[in-house]
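Report on the structure given below.
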Amino acid sequence: MLELSYIRRSPKEVVDRLAVKNFDAKSIVDEILAMDEKRRSTQTSLDAILAQLNKASKEIGELYKSGKRAEADELKANTGKWKLDISVLEEEMRTTETELQSKAVLLPNTPHSSVPKGKTPEDNEVVHTEGAIPELGENALPHWELAKKYDLIDFETGVKITGAGFPIYKGKGARLQRALINFFLDKAYEAGYMEIEPPILVNEDSGFGTGQLPDKEGQMYFVTEDKLYLIPTAEVPITNIYRDMVLDAATLPVKNCGYTPCFRREAGSYGKDVRGLNRLHQFDKVEIVQIRLPEESYKTLEEMRDYVAGLLRSLHLPFRILKLCGGDMSFASALTYDMEVFSGAQKRWLEVSSVSNFETFQSNRMKLRFKKDKDKPALAHTLNGSALALPRIVASMLENNQDDKGIRIPDVLVPYTKFEYIS
RNA sequence: GGAGAGGUGCCUGAGUGGCCGAAAGGAGCAGUUUGCUAAACUGUCGUACGCCCAAAAGUGUACCGGGGGUUCGAAUCCCCCCCUCUCCGCCA
């Protein structure tokens, strides 16, 4: 959620910036300004009457104490009318605030000034490409064929016990998953992130805090009995740890990482996008999260991007980094880098990570603040990134590293898998 | 799931209708003293929104788990909800 003070101070800038996200904010911003105006004038009137009532109450108390009943009763006679006015103004206050809030949450985060204009993924800016595109022979198999051939992943049985998009990893397939998770967590630890094992069900407040609710309600699995959501990413619980907190600036930065399964309903997806491991309802991911002082968040974003690039490099996967255009960015993000690996047999780029700076968009929703010395508490900046999401890493690894006899495991993973080759 | 107890400021904890934004202690911060460590003493020590203002200061309102109610007046009384703890039951 954008800060109201920002909208009030620079309404035109908000509208102009949101245009980069192809979002026409003009009418909403105007409504917000009008309601904000109304809210303040209502509060001024309300506070005045409340002050009057408080003063009278105090006097009544004192009059009673000194036995002046008649005078007290006289004062009391006025309060009825005031209380009527109060209830009217309070109601007005409530509805205005509710409307203001409901409008404010409709506005996406304003993109950073460097975000390229654009509507579709085609308009994303490729900022870096690295690694050789593998030359696979005619016989190269897509990963879902390889997974079947070497008995690594069983999609059909997953359908039987749950449904499409819930694969079963078996044998070396399962061990490869575990190896990747441990590898990613160890690397994050080396980079100074503290490991968190969070709940994978979260409440509504948490969903709101990081921006999944109310915007992406339909994306999450919901447990109606307990009103809990299955997390679509570890970002939700790990960031919400700090909801409603004022952190001492000295404790920043917060650098957390965590592995969790992630659950996404992905309603409406179809075709080649959902083939094999390309898009799943449940998948494994290691996430990195940082909470930073505002002045350092963009430097941090670059660091996180480079950190993820280093992971891909160490796995010898050809990858590219995209700076997302306004139209392809998420609702909550101010600047996002996507990392894509090349999947040799499918001959396409697959997104494996998304690294974003949310500035104060999430912290404003969460009331996540920091306090520096005697300064007033201020909203912190939050950032996060996948480091990494497993399925598409596995997909490209299987495809790119295949030969006639099997699949080679990257060196860095061998200490984790305890095998070098799948055959 | 059943029974009971409880949720107060950074922490401990007092407060059962007005003198309570809230005692006291601790932590923190600033200062005084002491040769260092430490101690002692003094002061300071919430947040949000509004008004005023260049700003600071000032000032009004709200907040004692959340929501509603009674009352001129609620941390305190009543109702609903949430959460924590203890015991019992169940269970990895």
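Just the heavy atoms: all of them, side chains too, but no hydrogens, waters or symmetry mates, feed the values below. Residue numbering restarts at 1 for every chain, and letters A, B, ... go by the order of the sequence lines.
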Please check the phosphate of B:G50 (OP1 and OP2 only) for any side-chain N or O of A:R39 closer than 4.0 Å.
->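 True: A:R39 side-chain N/O within range (under 4.0 Å) of B:G50 OP1/OP2.
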Which nucleotide in the set B:A48, B:G73, B:C49 lies at the smallest distance from any side-chain heavy atom of A:R369?
->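 Ranking B:A48, B:G73, B:C49 by closest atom to the A:R369 side chain puts B:A48 first.
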Would you say [X]'s side chain and [Y]'s backbone share a donor-acceptor pair under 3.5 angstrom?
X	Y	answer
A:K21	A:S330	yes
A:E399	A:A345	yes
A:N364	A:L2	yes

Using the ring of A:F208 (Phe, Tyr or Trp, six-membered ring only), decide whether A:R365 places NZ or CZ under 6.0 Å from its centre and within 45 degrees of its axis.
->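 That pair qualifies as a cation-pi contact.
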How many whole angstroms separate atom [atom1] of [X] from atom [atom2] of [N]?
X	N	atom1	atom2	value
A:L89	B:G50	CG	P	16 Å
A:R40	B:C52	CZ	C1'	14 Å
A:D226	B:C82	CG	C1'	14 Å
A:N78	B:G73	CG	P	13 Å
A:K376	B:U47	NZ	P	7 Å
A:K367	B:C49	NZ	C1'	12 Å
A:K83	B:A74	NZ	C1'	12 Å
A:L247	B:C10	CG	P	13 Å

If I pick the [atom1] atom on [M] and the same atom on [N], what distance separates them, to the nearest angstrom?
N	M	atom1	result
B:C41	B:U33	C1'	8 Å
B:C77	B:C87	P	28 Å
B:C52	B:A38	P	49 Å
B:C45	B:A27	C1'	11 Å
B:A24	B:C78	C1'	31 Å
B:C49	B:U44	P	26 Å
B:G65	B:A14	P	14 Å
B:U16	B:G21	P	15 Å

Would you call [X] and [Y] a salt bridge, taking side-chain N to carboxylate O under 4.0 Å as the test?
X	Y	answer
A:K65	A:E62	no
A:E97	A:R39	yes
A:K372	A:D375	no
A:E303	A:K299	yes
A:K12	A:D16	yes
A:E145	A:K149	no
A:E302	A:R305	yes

Scan A:R8 against the nucleic acid and name what it touches under 4.0 Å (heavy atoms): base, sugar-phosphate only, or nothing.
->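 Sugar-phosphate contact only - A:R8 comes under 4.0 Å of backbone atoms but never of a base.
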Contiguous pairing runs of three or more, Watson-Crick or G-U under 3.5 Å, that involve RNA chain B |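 Stem segments, range with range: B:1-7 with B:82-88, B:10-12 with B:24-26, B:28-32 with B:40-44, B:46-51 with B:58-63, B:65-69 with B:77-81.
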Which atom pairs, donor and acceptor, lie under 3.5 Å between side-chain atoms of residues 384-396 of chain A and protein residues at least two apart or in another chain?
unit_1, atom_1, unit_2, atom_2, d
A:N384, ND2, A:E235, OE1, 3.4
A:N384, ND2, A:E235, OE2, 3.3
A:S386, OG, A:S354, N, 3.1
A:R392, NE, A:N278, O, 2.7
A:R392, NH1, A:E351, O, 2.7
A:R392, NH2, A:N278, O, 2.8
A:S396, OG, A:R392, O, 3.2
A:S396, OG, A:I393, O, 3.2

Shorter than 3.5 Å, N or O on both sides, protein versus nucleotides 15-23 of chain B: list them out with atom names.
unit_1, atom_1, unit_2, atom_2, d
B:G18, N2, A:S57, O, 2.7

For A:Y229, side-chain hydrogen bond (donor to acceptor under 3.5 Å, both in side chains) partners two or more places apart |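 Per chain and number, A:Y229 pairs via side-chain hydrogen bond (donor to acceptor under 3.5 Å, both in side chains) with A:E217.
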Check side-chain hydrogen bond (donor to acceptor under 3.5 Å, both in side chains) between A:S297 and all other residues, then give those that pass, not counting sequence neighbours.
->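 For A:S297 the side-chain hydrogen bond (donor to acceptor under 3.5 Å, both in side chains) partners, ignoring immediate neighbours, are A:N357, A:H381.
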Mind running a 4.0 Å heavy-atom check of residues 194-213 of chain A against RNA chain B and sending the residues that fall below it, in number order?
->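 Those residues: none at all.
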Enumerate the residues from residues 90-105 of chain A whose closest heavy atom to RNA chain B is under 4.0 Å, giving them by residue number; use none for an empty result.
->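 By residue number: A:R94.
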Assign each of A:K371 and A:D36 to its nearest nucleotide of RNA chain B by heavy atoms, then name whichever residue's nucleotide is nearer the 5' end.
->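 Its nucleotide being nearer the 5' end, the pick is A:K371.
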Please tabulate, for side-chain N and O atoms in residues 170-194 of chain A, each donor-acceptor pair with protein atoms closer than 3.5 Å (sequence neighbours left out).
unit_1, atom_1, unit_2, atom_2, d
A:K170, NZ, A:D151, OD1, 3.0
A:K172, NZ, A:Y421, O, 3.3
A:R175, NH2, A:T417, O, 2.8
A:Q177, NE2, A:D284, OD2, 3.0
A:N182, ND2, A:R178, O, 3.4
A:D186, OD2, A:Y416, OH, 2.6
A:Y193, OH, A:Q290, NE2, 2.9

Show me the donor-acceptor pairs within less than 3.5 Å that the side chains of residues 243-253 of chain A make with the rest of the protein, sequence neighbours left out.
unit_1, atom_1, unit_2, atom_2, d
A:R243, NE, A:N240, OD1, 2.8
A:R243, NH2, A:S206, OG, 2.8
A:D248, OD1, A:A250, N, 3.0
A:T251, OG1, A:D248, O, 2.7

Letter per nucleotide, 5' to 3', of nucleotides 53-63 of chain B [B base touched, S only sugar-phosphate touched, - untouched; heavy atoms, 4.0 Å] = -------BSS-
Can you list the residues that meet the ring pair (Phe, Tyr, Trp, His ring centres under 6.0 Å) rule with A:F166, with sequence neighbours excluded?
->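 Applying ring pair (Phe, Tyr, Trp, His ring centres under 6.0 Å) to A:F166 gives A:H281.
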Residues in salt bridge (charged side-chain N to carboxylate O under 4.0 Å, His left out) with A:K68, at least two apart?
->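 So A:K68 forms no salt bridge (charged side-chain N to carboxylate O under 4.0 Å, His left out) with any residue.
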